Visitor: 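Once you've had a glance at the structure underneath, I'll fire off some questions.
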Amino acid sequence: MQVPASRTLLICFSHLRWDFVYQRPQHLMTRAARSYDVVFFEEPVFEEVESSFLRVRTHSLILKVVTPVLKTGEGARDVIRILEELLWKLLESCDYDRFIAWYYTPMALRFSAFLQSDVCVYDCMDELTAFKNAPDELASLERCLFKRADLVFTGGQSLYEAKLGMHQRVFAFPSSVDAAHFERARQGNRDPDDQAAIPHPRIGYFGVIDERLDTPLLARTAHAMRDVHFVMVGPVVKIDPGILPAGPNIHWLGPKAYADLPAYMGQWDAGWMPFALNEATRFISPTKTPEFLAAGLPVVSTEIVDVVRTYAVQGLVQIAEANSMESALRNALARSNWDLAQVDAFLRNSSWDSTWLAMQSLMDTVPRGHARGADRVDAYV
């Protein structure tokens, strides 16, 4: 008699939407879906509907993106109750033998604390408490999540060091890269229509444009380097677009699909990461760093700790302060001391595939038959 194959359900609770910037959650959950039934559970949206429901989109046979759609005007406590009910109904509709609860945001504990999971993972990709508009209860909920998690992964070395004393099993998994995807930038593809008229040389940035970007530095640098054009790609969030610097050599192109990024980057002459040095950037490990490198672009960054410790010490990225930024960028444009072979050797050990396999191996060490959860977090909501 043939034994039925075991099925594992993984529900990922994310503060980032699937169709937002394609980054760590999408990379890892796409790979998780090769082995598990994956549900990517987004934060709710509020619409003029008669009753709340789950909007389900299928991205593959075994990866579903679920968005709770709630009635506009629902009170805070009603929202928690409704989300609990919707999550219950979702679980009842799934067929599984093993359940993994995967958290990117501790805020999801407000409605998911009842869950009994075989494995609970907190993939701490950022220090969310330091971000603009962070909820007051985030720190308390994170402590609660540490208590129930079997494993804690961090998005960088600095974040690992900050969380090390908070859990017995914390593991650093810094930003990885799909090198093959970004290496397409080296093929000299046709310039996208909205970039084609921008003169060279071009220095490019891509990613979320928020409080982590040093907009005054961008303005000063663009003013000092009037012969160079600065291409800025990405969505503007949490800040007023009106504060973004303007000038004849600053070009805000808006968000682009992940699939289209190599076409834009392939027509840049250098990449840069003009991050502000503030609480929001203290623990970041920018995923775009290895992506810039895979695209074959020399990179200049402000003094982000994980960029310095992981890339600059190996000569892969130039670090510059405000008063030396122009000099560093001109060196990058000239490709001074640029060793693409060294870059490629580094990237061979930095794939998302290998990162996911290492994470999966750690999840397999969690004893079978134990369940985490079922405690309430009412005190925090």
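Here, residue 1 is the first one in the sequence, and each next residue gets the next number. Everything quoted here is computed from the prediction, not taken from an experiment.
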Visitor: Hey, does the side chain of Asp269 reach the backbone of Ile203 with a donor-acceptor pair shorter than 3.5 angstrom?
Guide: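 Side chain of Asp269 to backbone of Ile203: no pair is present.
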
Visitor: Walk me through it: do Phe346 and Tyr311 pass the test ring pair (Phe, Tyr, Trp, His ring centres under 6.0 Å)?
Guide: CA-CA 9 Å; Phe346 174 86; Tyr311 302 96; 5.4 Å; yes

Visitor: Angle between ring planes, Phe114 versus Trp88, binned at 30° and 60°: parallel, tilted or perpendicular?
Guide: parallel

Visitor: According to the interplanar angle, ranging from 0 to 90°, do the rings of Tyr258 and Phe182 count as parallel (below 30°), tilted (30 to 60°) or perpendicular (above 60°)?
Guide: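 The arrangement is perpendicular - the two ring planes meet at more than 60°.
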
Visitor: Begin from the C-alpha positions of Ser354 and Leu357 and carry the test side-chain contact (heavy atoms from CB on, under 4.5 Å) through to its verdict.
Guide: CA-CA 5 Å; Ser354 60; Leu357 289 174; 5.7 Å; no

Visitor: Do the non-hydrogen side-chain atoms of His59 and Met29 ever get within less than 4.5 Å of each other?
Guide: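 They are not in side-chain contact.
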
Visitor: Is there a donor in the side chain of Ser140 and an acceptor in the side chain of Arg143, or the other way round, less than 3.5 Å apart?
Guide: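 There is such a pair (donor and acceptor under 3.5 Å, judged by atom type) between the side chains of Ser140 and Arg143.
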
Visitor: Using a 3.5 Å distance criterion without hydrogens, assess whether the side chain of Trp252 forms a donor-acceptor pair with backbone atoms of Pro245.
Guide: yes

Visitor: How are the rings of Phe275 and Tyr205 set relative to one another: parallel (under 30°), tilted (30 to 60°) or perpendicular (over 60°)?
Guide: perpendicular

Visitor: Gln318 pairs by side-chain contact (heavy atoms from CB on, under 4.5 Å) with which of Asn337, Val300, Val299?
Guide: Val300

Visitor: What do you reckon, are the aromatic ring centroids of His27 and Tyr22 less than 6.0 Å apart?
Guide: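 Yes: the rings meet the under 6.0 Å criterion.
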
Visitor: Just by distance, with hydrogens left out, do Gln360 and Tyr36 show a side-chain donor and acceptor under 3.5 Å apart?
Guide: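 Side-chain D/A pair, Gln360 to Tyr36: present.
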
Visitor: Set out, in order, the CA-CA distance, both residues' side-chain angles and the distance that settles ring pair (Phe, Tyr, Trp, His ring centres under 6.0 Å) for Tyr104 and Tyr122, then state yes or no.
Guide: CA-CA 6 Å; Tyr104 280 106; Tyr122 177 26; 8.6 Å; no

Visitor: Which atoms form the tightest heavy-atom contact between Lys64 and Val56, and what is the distance?
Guide: CD-CG1, 4.0 Å

Visitor: May I ask you to decide if the ring planes of Phe41 and Phe13 are parallel, tilted or perpendicular, using 30° and 60° as cut-offs?
Guide: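 Rings of Phe41 and Phe13: tilted, as their planes differ by 30° to 60°.
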
Visitor: When you measure from the side chain of Glu127 to the backbone N and O of Arg282, does any donor-acceptor pair fall under 3.5 Å?
Guide: no

Visitor: Honestly curious: do Leu86 and Leu90 fall in one hydrophobic cluster under the side-chain, below-4.5 Å linking rule?
Guide: yes

